[in-house]
Amino acid sequence: MTEVQDLKYRQWFRGADVDGDGVITIQDVRLMGERFIQSRGATQGSETARRLTDGLEAFWANVIAPMDGDGDGKVDLREMTEGFRRALADRSLYPHQVGPVADCYFDLIDADGDDRVDQAEFGEIFGMAGNVSTEDCAAVFKALDLDGSGGLDRAEFHQALTEFFYGDDPDAPAAHLFGRIAG
């Protein structure tokens, strides 16, 4: 893993540590899902909420929990970074490791159901998830909107997440998806 990936994962960790206690637990993952569901006014029993909850539970079980090296039910920054080094070493596994959760988030972010994420939708969710400023969200969004359509389609969204989790270019717009990285 590169230094750039370490910086990106640290940003992701800050957002995933919802309660701010320095570790990620199943409770953080559940709170993250609840926060997104509530921000969209979705009900807990809706199909989108169920898919997101199931996807996050699977993400916890298959990606995050195995990083818990000491078995205490908590993943600290060191464990997560080492775990990402192992789990996210192969870009070809994205469709199985990250893709299903990304699809759920895309559906949740796409508040109006037009199968694209516009700048307002993007800014609301990524601003909340990564504590990203409005200005940074706007700049990242514009750079990720590869076709200049004013919205990210599902393919552009997946491309951004692939670059975030697997790429090592500090100048790639997706490197700043969860907040501007700095050395």
Side-chain angles (χ1 to χ4, degrees), residues 1-37 51-106 108-109 122 125-133 136-137 140 143-144 154-183:
M1 182 177 340
T2 68
E3 180 180 339
V4 171
Q5 288 171 315
D6 279 342
L7 292 170
K8 291 188 302 184
Y9 296 164
R10 191 174 303 127
Q11 283 300 103
W12 184 88
F13 183 89
R14 286 184 189 127
D17 179 16
V18 176
D19 61 14
D21 65 356
V23 294
I24 301 172
T25 65
I26 186 63
Q27 186 62 25
D28 286 302
V29 173
R30 289 177 179 148
L31 288 170
M32 187 185 315
E34 290 171 13
R35 185 170 61 182
F36 288 127
I37 291 165
R51 283 185 56 228
L52 179 63
T53 300
D54 290 351
L56 285 170
E57 293 280 339
F59 187 67
W60 169 260
N62 298 320
V63 178
I64 304 296
M67 297 178 191
D68 181 11
D70 59 11
D72 65 355
K74 302 172 186 176
V75 176
D76 63 27
L77 180 60
R78 181 193 54 77
E79 289 173 318
M80 189 229 43
T81 302
E82 290 173 2
F84 273 175
R85 285 185 183 136
R86 290 187 307 273
L88 300 176
D90 185 352
R91 188 182 287 244
S92 70
L93 295 177
Y94 172 89
H96 305 289
Q97 293 174 324
V98 180
V101 175
D103 277 330
C104 291
Y105 273 105
F106 183 92
L108 191 62
I109 294 167
F122 181 89
I125 294 298
F126 283 95
M128 177 180 26
N131 300 316
V132 183
S133 74
D136 284 348
C137 276
V140 169
L144 295 177
R154 201 172 290 269
E156 288 170 315
F157 188 73
H158 280 290
Q159 185 173 345
L161 288 173
T162 299
E163 175 58 37
F164 179 82
F165 283 108
Y166 299 94
D168 61 0
D169 179 359
D171 297 321
H176 309 286
L177 197 57
F178 293 94
R180 186 151 305 279
I181 60 170

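Only this structure's heavy atoms are used, side chains among them; waters, hydrogens and symmetry mates stay out.
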Less than 6.0 angstrom separating the ring centers of Phe164 and Trp12, yes or no?
no

Using ring-ring contact (aromatic ring centres under 6.0 Å, His included) as the criterion, list what pairs up with Phe106, not counting sequence neighbours.
Phe157

For Gln159, side-chain contact (heavy atoms from CB on, under 4.5 Å) partners two or more places apart
Leu146

Can you confirm whether Phe84 sits close enough to Val63 that some side-chain heavy atom of one is under 4.5 Å from a side-chain heavy atom of the other?
yes

Side chains of Arg85 and Thr81: does their closest heavy-atom pair fall under 4.5 Å?
yes

Who are the salt bridge (charged side-chain N to carboxylate O under 4.0 Å, His left out) partners of Asp17, not counting sequence neighbours?
none

Any non-hydrogen side-chain atom of Tyr9 less than 4.5 Å from a side-chain atom of Leu77?
no

Looking at residues at least two apart in the chain, or sitting in another chain, which of them share a salt bridge (charged side-chain N to carboxylate O under 4.0 Å, His left out) with Asp28?
none

Arg30: partners by side chain to side chain donor-acceptor pair (under 3.5 Å), with sequence neighbours left out:
Glu57

Say you draw a straight line from NZ of Lys8 to CZ of Phe165; how long is it, rounded to the nearest 0.5 Å?
9.0 Å

CG (Asp21) and CD (Gln27) are apart, to the nearest 0.5 Å, by 10.5 Å

Shortest non-hydrogen pair, Trp60 vs Val29, comes out as CE3-CG2, 3.7 Å

Could you pull out all residues at least two apart from Asp136 that satisfy side-chain contact (heavy atoms from CB on, under 4.5 Å)?
Val132, Ser133, Arg180

When rounded to the nearest 0.5 Å, the distance separating NE2 of His176 from CD of Gln11 is 10.0 Å

Which residues share a side chain to side chain donor-acceptor pair (under 3.5 Å) with Asp90, sequence neighbours left out
Ser92

Quick check: closest heavy atoms across Leu161 and Ala102, and the distance to 0.1 Å?
CD1-CB, 3.4 Å

For Pro100, all residues meeting side-chain contact (heavy atoms from CB on, under 4.5 Å), sequence neighbours excluded
none

Please list, chain by chain and in numerical order, all residues satisfying salt bridge (charged side-chain N to carboxylate O under 4.0 Å, His left out) with Glu34, sequence neighbours excluded.
none

Taking the side chain as every heavy atom from C-beta outward, state whether Lys74 and Asp68 have any pair of such atoms under 4.5 Å apart.
no

So do the side chains of Glu79 and Asp70 get within less than 4.5 Å of each other, counting heavy atoms only?
yes

With sequence neighbours left out, write down each residue that passes salt bridge (charged side-chain N to carboxylate O under 4.0 Å, His left out) with Asp54, or none if nothing qualifies.
Arg50

Residue pairs passing the salt bridge (Lys or Arg N to Asp or Glu O under 4.0 Å) test where at least one lies in residues 161-177, sequence neighbours excluded:
none

Look up atom CD in Glu82 and atom CZ in Arg78, then write down how far apart they are to the nearest 0.5 Å.
4.5 Å

Going by heavy atoms in the side chains, are Val140 and Phe122 under 4.5 Å from each other?
yes

Looking only at non-hydrogen atoms, find the nearest pair between Pro170 and Ala175 and report the distance.
O-CB, 4.0 Å

With Asp76 via side chain to side chain donor-acceptor pair (under 3.5 Å) - residues at least two apart
none

Quick one: are Asp103 and Arg154 in side-chain contact, heavy atoms under 4.5 Å?
yes

